[in-house]
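Quick notes on the structure that follows.
Quantities reported herein were computed from a predicted structural model and do not represent experimental measurements. Quick note on labels: first sequence line is chain A, next is B, and so on, each numbered from 1.
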Amino acid sequence: DTAVSQTPKYLVTQMGNDKSIKCEQNLGHDTMYWYKQDSKKFLKIMFSYNNKELIINETVPNRFSPKSPDKAHLNLHINSLELGDSAVYFCASGGSGYNEQFFGPGTRLTVL
Amino acid sequence: GNSVTQMEGPVTLSEEAFLTINCTYTATGYPSLFWYVQYPGEGLQLLLKATKADDKGSNKGFEATYRKETTSFHLEKGSVQVSDSAVYFCALSRDGGSQGNLIFGKGTKLSVKP
């Protein structure tokens, strides 16, 4: 059983399109996250949800909108895609406080 | 603010060489510290962690000790293998009850040659 899964694994699209990335975890964790990894491998938190409630929203354009239908799912919707959105997006889940986080396999987004 | 600084790579070693990847941090309060590893084309996996000062995390021959006096969490392995080739990330959990999101260093790419 995959603990944290993401779909799709690869996403190639044109500028201006709208796309979604889905994430699901079966670990029973209360908190889920989205991270962005740029071309230099730098990882940065984008959003954090705890029990379907937004906890952290870092400096991310409002074209990015996370949605959590239940605590096992956290989807990322991106409007009006731009070239600079090309990156690998990782979903993660974890407990509150200082527990480790479990990462999905990543979604490589390429905007042409 | 909270931050993590790790040595820049790439690091290239021969098999069975000794590995050290330096990591220092700046944080308010008492964060937990982590090393994650990313193998080519894969997501991040937790390698080891330490939650308080003087704790030593260890896994798969890798070790790191939480040193509060030097604000460091250096990763070491006595004898690396080709299969250890990957990108290694040092990270801390953010303090202040913010649900524990991670702040990462920039990653260090390790290449081990046979």
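A heavy-atom distance below 4.5 Å is found between the side chains of A:Gln101 and B:Tyr36.
Enclosure of atom CG in A:Asp70 by more than 12 non-hydrogen atoms of other residues, nucleotides or ligands within 6.0 angstrom is indicated. The environment of CD in B:Glu16 is sparse: at most 12 heavy-atom neighbours from other residues, nucleotides or ligands sit within 6.0 Å. Under a cut-off of 6.0 angstrom, the local environment of CD in B:Glu8 is sparse, with at most 12 non-hydrogen atoms contributed by other residues, nucleotides or ligands. Counted within 6.0 Å of CZ on B:Phe18, heavy atoms from surrounding residues, nucleotides or ligands total more than 12; the atom is thus considered enclosed. Environment of NZ in B:Lys52: sparse, with no more than 12 heavy atoms of neighbouring residues, nucleotides or ligands closer than 6.0 Å. Taking a 6.0 Å sphere around NZ of B:Lys109, one finds it holds 12 or fewer heavy atoms contributed by other residues, nucleotides or ligands.
With a threshold of 4.5 angstrom between heavy atoms, A:Lys44 does not approach chain B through any atom at all. Contacts between B:Leu44 and chain A at a heavy-atom distance below 4.5 Å involve backbone atoms as well as side-chain atoms. Heavy-atom distances place no part of A:Gln6 under 4.5 Å from chain B, backbone and side chain included.
The closest donor-acceptor contact from the side chain of A:Tyr33 to the backbone of B:Leu102 lies at 3.5 Å or more, if one exists at all.
For the atom pair CD1 of A:Ile45 and CD1 of B:Ile103, the computed distance is 9.5 Å after rounding to the nearest 0.5 Å. Within the model, atoms CD of B:Gln38 and CG of A:Leu43 stand 6.5 Å from one another, a figure rounded to the nearest 0.5 Å. Rounded to the nearest 0.5 Å, atoms CZ (B:Phe89) and CD (A:Gln37) are 5.0 Å apart. In this structure, CG in B:Leu47 is found 12.0 Å from CD in A:Glu100, a value given to the nearest 0.5 Å. Within the model, atoms NZ of A:Lys40 and NZ of B:Lys106 stand 7.5 Å from one another, a figure rounded to the nearest 0.5 Å.
Residues A:Tyr89 and A:Phe102 do not share a hydrophobic cluster, clusters being chains of Ile/Leu/Val/Met/Phe/Trp/Tyr side chains in contact below 4.5 Å.
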